[in-house]
Amino acid sequence: MNEFYQKDIFSIKDYTKEQLETIFTYTDKIMQLSLSERREICKGKILGYLFYEPSTRTRLSFESAMASIGGNSLGISDITSSSTQKGESLADTVRIMSIYSDVLVLRHPLDGSSRFAAEISDKPVINAGSGTEEHPTQAIQDLFTIKKEKKKIDGLKIGIVGDLKYGRTVYSLLHGLGNYDVDVNLISPESLRIRSDSTYEIKRKLDFTETTDIEEHLDELDVLYVTRIQKERFPDEEEYLKVKGSYVVGLDMLKRMKDDAIILHPLPRIDEISADVDKTKNAKYFEQAEYGKYTRSALLGMILNENSF
Ligand code: CP
C-alpha cells in the first residue's frame with residue numbers, strides 16, 4: 001500500500017527526504033502519462049476546497065490537477081458568499097465539506113487550522129496555507145522545481161529574499177531544504193528576519209547565513225527565491241511602508257549572478273521582480289507555477305489511491 005494513502009498534509013516537517021523523493025518520482029510519472037491515462041487516476045473522486053483567504057494559484061492548480069486526473073472539485077473560494085456569513089463555525093463547515101468530498105483543501109489565516117480541521121473531517125485534509133506558519137504543498141512544488149531545473153538539490157547555494165518574517169512559503173521551504181545538503185543565504189530587511197521562535201529548529205537541520213545586503217552572496221547563488229512583502233500581515237501600515245520595495249530583482253542584478261542561476265517566486269509578485277526579467281532564461285517562476293499542478297496531481301493521486309498508479 002502506498003504510505004500517503006488517506007493521509008493528511010499538515011506540514012513539510014512531517015516528510016523525510018525519501019518521502020519527498022517518492023512524491024517527485026510520482027510527479028515525474030504523472031508528467032509522462034498520456035492525458036487519457038492521467039484521467040483514470042482519480043476518476044469519480046471529489047476534491048472539496050475551503051479558502052478563508054484569497055488565492056489564485058493554489059486553488060486553481062488544485063482544481064486543474066484534480067480535473068486532469070479525472071476528478072471534480074467543489075468548494076468555497078469566497079467565504080463571504082458562504083454560510084460563514086451567517087455565523088457558521090469552521091468546524092461545522094469542515095464537517096459538511098467532508099460529507100460532500102473525498103479530500104479537503106483548506107486555506108485559513110490561523111496557524112494550526114488544518115490540524116484542527118482534520119480532527120473534525122473523516123476525509124484527508126491538505127493544508128493550502130495556514131497563517132504565517134506553513135504552506136507545505138508550495139514547498140513540495142518549490143523543491144520539485146529546483147530539482148527539475150537544476151537537476152539536483154544537494155550541493156546548491158540558495159538565496160531567499162524578501163519577507164522572511166511573515167512569508168509562510170519561506171518556513172515550509174526552509175524545513176523542506178533541511179532534508180538536503182544546501183547552503184542557504186537569507187536576505188531581508190532587519191525587521192523582516194525569520195522569526196526567532198523558528199530559528200532554533202531550522203538551524204538544527206540547515207546551514208544558513210543572514211544579511212540585509214542582497215549583493216553580498218549574489219554571484220555565488222544557484223537559486224534566488226524571491227518573496228513578496230506581505231502587506232496584509234503587518235499589524236501597522238507604517239512598518240510596511242518602511243520596508244516596501246526593499247529589494248527589486250532586475251536585469252542589472254541578474255547580470256551579476258551565475259549564468260545558469262534560476263529565479264523563483266511563489267507568486268503573487270508585486271514589484272520585487274521587474275517584468276523584464278520574465279523573458280530571461282533565468283526566470284523560472286511561471287514554470288514553478290506549472291509544476292505545482294503536477295505535484296498536486298501526484299499528491300491527490302497518492303492520497304486517494306491505495307496502490308501506486
Ligand atoms: N503561491 C500561492 O500560494 O499563490 P496563491 O496565494 O495565489 O494561491
Side-chain angles (χ1 to χ4, degrees), residues 53-57 109 111 129 131-135 138-139 142 145-146 156-177 182-199 202-203 206-258 261-280 282-286 288-289:
E53 286 184 341
S55 168
T56 297
R57 274 145 298 275
D111 295 1
T132 56
E133 172 199 46
E134 276 247 29
H135 192 347
Q138 177 72 46
D142 297 342
T145 304
I146 295 171
L156 295 180
K157 182 138 187 151
I158 298 172
I160 304 178
V161 60
D163 185 347
L164 310 186
K165 182 174 183 182
Y166 297 116
R168 57 192 170 204
T169 69
V170 171
Y171 290 88
S172 289
L173 180 59
L174 285 171
H175 285 293
L177 286 171
V182 289
D183 272 343
V184 173
N185 182 221
L186 299 177
I187 308 139
S188 71
E190 197 60 42
S191 63
L192 295 181
R193 287 172 60 179
I194 57 164
R195 299 190 294 269
S196 54
D197 58 338
S198 296
T199 314
I202 294 168
K203 270 218 160 97
L206 194 68
D207 280 334
F208 68 84
T209 55
E210 292 181 89
T211 181
T212 57
D213 180 8
I214 193 167
E215 302 286 341
E216 197 175 321
H217 297 285
L218 199 60
D219 58 349
E220 302 160 20
L221 298 178
D222 300 296
V223 179
L224 181 60
Y225 186 94
V226 185
T227 65
R228 172 178 70 92
I229 307 237
Q230 310 241 325
K231 181 181 180 189
E232 70 277 20
R233 303 206 190 274
F234 279 71
D236 177 355
E237 191 172 351
E238 284 288 307
E239 290 304 309
Y240 166 70
L241 292 173
K242 283 183 200 163
V243 290
K244 178 177 182 278
S246 293
Y247 306 101
V248 178
V249 177
L251 291 179
D252 51 337
M253 209 178 269
L254 207 54
K255 278 190 199 125
R256 295 196 289 283
M257 297 184 69
K258 284 183 181 174
I262 60 170
I263 311 290
L264 301 183
H265 193 312
L267 303 176
R269 152 180 63 178
I270 307 303
D271 54 7
E272 55 280 355
I273 302 178
S274 61
D276 50 12
V277 173
D278 296 359
K279 57 184 179 298
T280 67
N282 312 86
K284 295 293 178 192
Y285 27 93
F286 294 113
Q288 183 182 359

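Here the structure is a predicted model, which is why all the values come from computation and not from measurement.
Within the 3.5 Å criterion, the main-chain N or O of P235 finds no donor-acceptor partner in the side chain of Y240. Of the possible polar contacts, none joining the D219 side chain to the R256 backbone as a donor-acceptor pair under 3.5 Å is found. One N or O on the side chain of D163 and one on the backbone of Q230 form a donor-acceptor pair closer than 3.5 Å.
Enclosure of atom CD in E215 by more than 12 non-hydrogen atoms of other residues, nucleotides or ligands within 6.0 angstrom is indicated. Within a 6.0 Å radius of CG in D276, other residues, nucleotides and ligands contribute more than 12 heavy atoms.
Contact between L221 and K258 at its shortest, heavy atoms only, is O-CD, 3.7 Å. Here the closest non-hydrogen pair linking L218 and M257 is CG-CG, 3.6 Å. In this structure, H265 and V226 approach most closely via the heavy-atom pair CG-O, 3.2 Å. The shortest heavy-atom contact between I158 and L177 is CD1-CD2, 3.7 Å. Heavy-atom minimum distance, Y225 versus Q288: CE1-NE2, 3.8 Å.
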(request) Could you please spell out the steps behind the side chain to side chain contact (heavy atoms under 4.5 Å, CB included) verdict for E220 and D183? (result) CA-CA 10 Å; E220 302 160 20; D183 272 343; over 6 Å; no
(message) Before you tell me yes or no, could you show the steps for H217 and T209 under side chain to side chain contact (heavy atoms under 4.5 Å, CB included), namely the whole-Å CA-CA distance, both residues' side-chain angles and the distance that decides it to 0.1 Å?
(response) CA-CA 10 Å; H217 297 285; T209 55; 4.2 Å; yes
(request) Carefully, step by step, assess N282 and V277 under the rule side chain to side chain contact (heavy atoms under 4.5 Å, CB included). (result) CA-CA 8 Å; N282 312 86; V277 173; 5.9 Å; no
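Side-chain contact check for D278 versus Y285: some heavy-atom pair is nearer than 4.5 Å. Contact annotation: the side chain of K165 never approaches that of S188 to less than 4.5 Å [non-hydrogen atoms, C-beta and beyond]. Using a 4.5 Å heavy-atom threshold, the side chains of F208 and I194 count as touching. Counting only heavy atoms from C-beta outward, the side chains of F286 and L267 approach each other to under 4.5 Å. Side-chain contact between R193 and T199 is absent, with no heavy atoms from C-beta onward closer than 4.5 Å. With contacts defined as side-chain heavy-atom distances shorter than 4.5 Å, the pair S191/V243 qualifies. The closest side-chain heavy-atom distance from K244 to F234 is not below 4.5 Å. Using a 4.5 Å cut-off on side-chain heavy atoms (C-beta onward), I229 and Y247 make no contact.
Atom CG of L192 is separated from atom CD1 of I187 by 13.5 Å, given to the nearest 0.5 angstrom. Going from atom CG of L164 over to atom CG of L186 covers 5.5 Å, rounded to the nearest 0.5 Å. Of the inter-residue distances, the one linking M253 atom CE with I214 atom CD1 reads 4.5 Å to the nearest 0.5 angstrom. Atoms CZ and OH, on R195 and Y171 in that order, are 4.0 Å from each other to the nearest 0.5 Å. Taking CG of N185 as the start and CD of E216 as the end, the distance is 6.5 Å to the nearest 0.5 Å. Atom-to-atom distance recorded for D111:CG and R168:CZ is 9.5 Å, nearest 0.5 angstrom.
R269 has no carboxylate O lying under 4.0 Å from a charged side-chain N of E272, or vice versa, which leaves the two without a salt bridge. Taking the charged nitrogens against the carboxylate oxygens, E53 and R233 do have a contact shorter than 4.0 Å, which makes a salt bridge.
A donor-acceptor contact closer than 3.5 angstrom links the side chains of E134 and S172. Side-chain atoms of Q138 and T169 form no donor-acceptor pair, as typed in the model, at a separation below 3.5 Å.
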